Amino acid sequence: MRKYEKHWRDSASLIVVARNRNNARDHHGYNYKVLAFKRTENTSFLPNHIVFPGGSFDSQDDSPEWLRMFAGQKIPPDALQSVTAVSGPRPYIFHTTAGDRLDRNISVRLCALRECFEELGVLLVANRQAQETGYSLAKREFDVPSWQSDVHDGRKRFLELYEKLNETPDLWALYEWSTWITPTHFRRKRFETAFFLAALNEAPDVFPERCEVEEHMWKSPRELLSAHSEGELWLAPPQAYELQRLSHVHDIDALVAFARTRRDKGTTPFCPVGYNASDGYFGVLPGDELYPDDFDFITNDSEQMNRYIELTMEELRQSARKLHRVEYRGLHSQTYLQNGPAADGHLHVLGSGGGLSKL
């Protein structure tokens with residue numbers, strides 16, 4: 001059994017970015033957009049939230065038949081091993097145990113690809129004609145709605161679609177981006193979610209799955225953040241944090257180049273630990289001096305949450321030497337603080353200029 005298996009479910013999410021038509025820059029200076037969607041009211045987790053495509057790990061993501069398919073497609077073993085060669089920190093979701101049939105670096109990526117197809121009908125395949133570009137490719141020439149419905153409803157397996165099309169799931173241009181663990185005070189439903197980033201040279205057609213997707217959108221990081229701060233939509237905290245990081249990179253080629261340079265540097269998992277202050281709530285992340293030493297990802301001490309209730313967030317900020325936190329003064333008002341380097345060679349949430357960043 002994987003450690004913490006009984007405390008949360010594993011899931012994967014995919015940040016899909018696509019180049020603007022003719023590489024045009026928008027009024028914020030971005031030449032790409034991010035794919036996101038609003039969950040329906042009926043979804044069991046994060047209803048009405050704006051999220052990236054993603055969902056729970058499924059047994060088919062760990063099927064050894066994927067290895068048979070890779071062998072039949074003449075994918076060399078060292079190509080698969082290149083996906084698993086990570087030298088940096090490994091969150092629990094990537095720990096391969098005796099009960100796993102595939103290396104988790106492979107199966108968790110397959111989960112992200114499957115969920116993206118089930119929810120939005122976007123099928124990413126290995127870009128065989130341009131493997132060194134760092135970009136993925138969205139397959140178009142097949143009956144997407146029919147296959148999407150069959151895979152989503154369990155009538156067909158995701159692997160069957162790749163076999164039918166004689167295509168390879170793009171494991172190599174799915175860049176490990178981050179891992180988020182639901183805070184401990186959400187006792188009833190918690191997830192450890194691996195986020196990956198995939199880039200496309202053009203935006204594909206999207207086919208929203210009607211039970212899970214109320215609406216989808218292609219918007220720049222700044223557009224999504226601005227809409228959140230103005231109350232037009234609500235971003236889940238991990239999505240807001242990741243968009244804040246992305247917002248400092250305006251060029252999609254620079255983003256892909258960055259993702260490729262850190263593909264094997266690993267990921268420090270983010271499990272926010274929350275505290276109440278006299279004027280709001282703030283969540284601390286690894287690197288903040290208030291982040292508990294040897295945090296076990298399980299303990300939920302309600303008394304500890306109120307230990308700073310008589311102090312303002314400004315007072316707590318001024319007294320701290322190491323900051324990595326998000327201050328909340330309302331559903332749509334967040335301030336990001338980080339005065340140290342980003343972990344694992346990642347993008348800094350404040351960009352290169354430092355200072356405070358508000359939504």
Side-chain angles (χ1 to χ4, degrees), residues 13-40 46-54 112 116 119-122 124 135-136 138 175 177-178 180 193 195-208 212-259 326-336 338 342 346-353 355-359:
S13 191
L14 190 53
I15 306 172
V16 180
V17 299
R19 190 186 303 275
N20 293 343
R21 184 173 297 178
N22 298 322
N23 204 38
R25 300 271 179 173
D26 65 16
H27 63 285
H28 291 296
Y30 297 95
N31 66 348
Y32 69 93
K33 290 181 172 58
V34 183
L35 179 59
F37 73 91
K38 182 179 181 181
R39 290 195 179 277
T40 63
L46 298 179
N48 298 315
H49 291 39
I50 303 297
V51 296
F52 307 129
C116 186
E119 292 176 331
L120 298 176
V122 176
L124 300 187
Y135 284 79
S136 190
Y175 302 108
W177 191 256
S178 61
W180 288 79
T193 303
F195 286 77
F196 299 93
L197 181 128
L200 302 170
N201 268 310
E202 58 180 325
D205 293 332
V206 174
F207 298 82
E212 297 191 51
V213 181
E214 182 171 318
E215 62 175 309
H216 77 279
M217 57 203 74
W218 287 100
K219 293 183 180 293
S220 75
R222 182 50 51 195
E223 286 176 320
L224 286 166
L225 292 169
S226 296
H228 171 86
S229 64
E230 293 166 8
E232 298 174 5
L233 52 79
W234 195 83
L235 293 165
Q239 278 78 3
Y241 186 99
E242 297 305 346
L243 286 166
Q244 182 67 24
R245 288 209 273 203
L246 285 174
S247 70
H248 304 295
V249 184
H250 290 75
D251 184 82
I252 190 171
D253 293 320
L255 180 60
V256 170
F258 169 79
V326 186
E327 297 177 346
Y328 298 88
R329 290 180 173 82
L331 196 61
H332 297 275
S333 177
Q334 289 89 52
T335 301
Y336 296 90
Q338 186 175 15
H346 216 308
L347 296 176
H348 199 286
V349 71
L350 301 182
S352 59
L356 303 182
S357 180
K358 294 184 178 181
L359 284 187

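In what follows, every heavy atom counts, from backbone to side chain, and hydrogens, waters and symmetry copies are set aside. Every value quoted in this text rests on a predicted model; they were computed, and no experiment measured them. Numbering starts at 1 and runs along the sequence shown.
Remark: Ser13 engages no residue in a side chain to side chain donor-acceptor pair (under 3.5 Å) (not counting sequence neighbours). The side chain to side chain contact (heavy atoms under 4.5 Å, CB included) test applied to Ser136 returns Leu124, Asp170, Ala173, Leu200, not counting sequence neighbours.
Nearest heavy-atom pair across Leu35 and Phe52 is O-CD2, 3.7 Å. Ser247 and Arg222 get closest at one heavy-atom pair: OG-NH2, 3.3 Å. Considering every non-hydrogen atom in both Gln338 and Tyr241, the closest pair reads OE1-OH, 3.9 Å. A pairwise comparison of heavy atoms in Leu350 and Tyr336 identifies CD2-O, 3.4 Å as the closest pair. Of all the heavy atoms in Pro208 and Val213, the pair that sits closest is CB-CG1, 3.7 Å. Considering every non-hydrogen atom in both Pro53 and Glu119, the closest pair reads CA-OE1, 3.2 Å.
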Evaluate Asn20 against Arg25 for side-chain contact (heavy atoms from CB on, under 4.5 Å), listing each step before the verdict.
CA-CA 7 Å; Asn20 293 343; Arg25 300 271 179 173; over 6 Å; no
Evaluate Val326 against Val349 for side-chain contact (heavy atoms from CB on, under 4.5 Å), listing each step before the verdict.
CA-CA 10 Å; Val326 186; Val349 71; over 6 Å; no
Take Tyr32 and Leu246 through the side-chain contact (heavy atoms from CB on, under 4.5 Å) test and state the conclusion after the steps.
CA-CA 11 Å; Tyr32 69 93; Leu246 285 174; 4.2 Å; yes
Stepwise side-chain contact (heavy atoms from CB on, under 4.5 Å) check, Lys38 with Leu233
CA-CA 9 Å; Lys38 182 179 181 181; Leu233 52 79; over 6 Å; no
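Taking CZ of Phe37 as the start and CD of Glu215 as the end, the distance is 11.0 Å to the nearest 0.5 Å. Atom NE2 of His248 is separated from atom CZ of Phe258 by 11.5 Å, given to the nearest 0.5 angstrom. With values rounded to the nearest 0.5 angstrom, Leu347 atom CG is found 9.0 Å from Glu242 atom CD. Rounded to the nearest 0.5 angstrom, His216 NE2 and Ile50 CD1 are separated by 12.0 Å. Here the NZ atom belonging to Lys219 is positioned 12.0 Å from the CG atom belonging to Leu225, to the nearest 0.5 angstrom. If you take CZ on Arg39 and CD on Glu214, they are separated by 12.5 Å, rounding to the nearest 0.5 Å.
Relative orientation of the Tyr30 and His250 rings is parallel, given thresholds of 30° and 60° on the angle between their planes.
Between the side chains of Asp253 and Tyr135, at least one donor N or O sits under 3.5 Å from an acceptor N or O. Inspection of the Asn31 and Asp251 side chains reveals an N or O donor paired with an N or O acceptor under 3.5 Å.
Put simply, the residue from Glu223, Gln334, Gln239 that forms a side chain to side chain donor-acceptor pair (under 3.5 Å) with His228 is Gln334.
Without hydrogens or angle criteria, Asp26 side chain to Gly29 main chain gives a donor-acceptor distance under 3.5 Å. Although no hydrogens or angles enter the test, the distance criterion places no donor-acceptor pair under 3.5 Å between the side chain of His332 and the main chain of Glu232.
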